Amino acid sequence: MKLIERKDYLEKMINVIGTPDIKVITGVRRSGKSKLLEAFKSYVSANIETANIIHINFNLPDFDDLTEYRPLYDYINAAYKEGADNFVLIDKIQMCNNFEKAINGLHASEKFDIYITGSNAFLLSSDLAMCLSSRKCIKGARKSA
């Protein structure tokens, strides 16, 4: 399968590094949200020397213990590194019950640069904009025609 580079979307993500907003990547299923997040992780790793990347991919069984908001919140806080640029990247956030509580708590601590992905159907149906206190939405990780 050929990977479609999403340079414009990656550039949008790079341009909001360090902003206090919760960055939300939405799109239809199988549109490349996860791959975009991975490309962003690679960029951060290669270009931000002080980066501490906390990456959670709910597609992997490694993170099955984090599907409730409190263990997710505690896991991320435990991975925090003082003096580093702490990035939180969560793929398939909808797999965590009451994830809004964890994300809002992390956001309120003002210690993390937060990026999350989820399908349009789930995130829109749960009124994500009302659940999260502040957010920056990067739309359109869509398939090319």
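Remember, predicted model here, so these are calculated numbers, not experimental data. Quick note: numbers below take in every heavy atom, side chains included, and nothing from hydrogens, waters or symmetry partners.
Annotation: side chain to side chain contact (heavy atoms under 4.5 Å, CB included) contacts of Ala39 (sequence neighbours excluded): Leu10. For the ring pair (Phe, Tyr, Trp, His ring centres under 6.0 Å) test, residues two or more places apart in sequence or in another chain that qualify with Tyr80 are Phe112. Take Asp113 and apply the side chain to side chain donor-acceptor pair (under 3.5 Å) test, not counting sequence neighbours, and it matches Lys23, Tyr115. Looking at residues two or more places apart in sequence or on another chain, you find a side chain to side chain donor-acceptor pair (under 3.5 Å) between Asp85 and Thr50.
The shortest distance between side-chain heavy atoms of Asn47 and Ile14 does not fall below 4.5 Å. At a threshold of 4.5 Å between non-hydrogen side-chain atoms, the residues Glu11 and Asn15 count as touching. Put simply, the side chain of Ile53 reaches to within 4.5 Å of the side chain of Val44, judged on heavy atoms. Under the 4.5 Å side-chain criterion, counting only non-hydrogen atoms from C-beta, Ile48 is in contact with Phe87.
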Evaluate the side chain to side chain contact (heavy atoms under 4.5 Å, CB included) criterion for residues Val16 and Asp21: first the C-alpha distance (whole Å), next the side-chain angles of each, then the deciding distance (0.1 Å), finally the verdict. CA-CA 8 Å; Val16 296; Asp21 302 311; over 6 Å; no

Begin with the C-alpha distance, continue with both residues' side-chain angles, and end with the deciding distance and a verdict on side chain to side chain contact (heavy atoms under 4.5 Å, CB included) for Lys35 and Lys33. CA-CA 6 Å; Lys35 294 299 181 187; Lys33 300 178 296 291; over 6 Å; no

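A distance of 7.0 Å separates OG in Ser109 from CD1 in Ile114, rounded to the nearest 0.5 Å. Interatomic distance, Leu89 CG to Glu38 CD, rounded to the nearest 0.5 Å: 10.5 Å. To the nearest 0.5 Å, the span separating CD1 on Ile93 from CD1 on Ile25 amounts to 12.0 Å. Atom OG1 of Thr117 and atom CG of Asp91 lie 3.5 Å apart (nearest 0.5 Å).
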Do any side-chain atoms of residues 54-67 form donor-acceptor pairs under 3.5 angstrom with protein atoms, and if so which ones, sequence neighbours left out?
from	atom 1	to	atom 2	distance (Å)
His55	ND1	Lys41	NZ	3.2
Asn57	OD1	Asn59	N	2.8
Thr67	OG1	Asp64	O	3.3

Show which side-chain atoms of residues 68-79 pair as donor or acceptor with protein atoms under 3.5 Å away, not counting sequence neighbours.
from	atom 1	to	atom 2	distance (Å)
Glu68	OE2	Asn97	ND2	2.7
Arg70	NE	Asp74	OD1	3.1
Arg70	NE	Asp74	OD2	3.4
Arg70	NH2	Asp74	OD1	3.3
Tyr73	OH	Asn77	ND2	3.4
Asn77	OD1	Lys111	NZ	3.3

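Heavy-atom minimum distance, Asn104 versus Ile22: OD1-CD1, 4.4 Å.
With hydrogens and angles ignored, the 3.5 Å screen pairs a side-chain donor or acceptor of Asn86 with a backbone N or O of Lys81.
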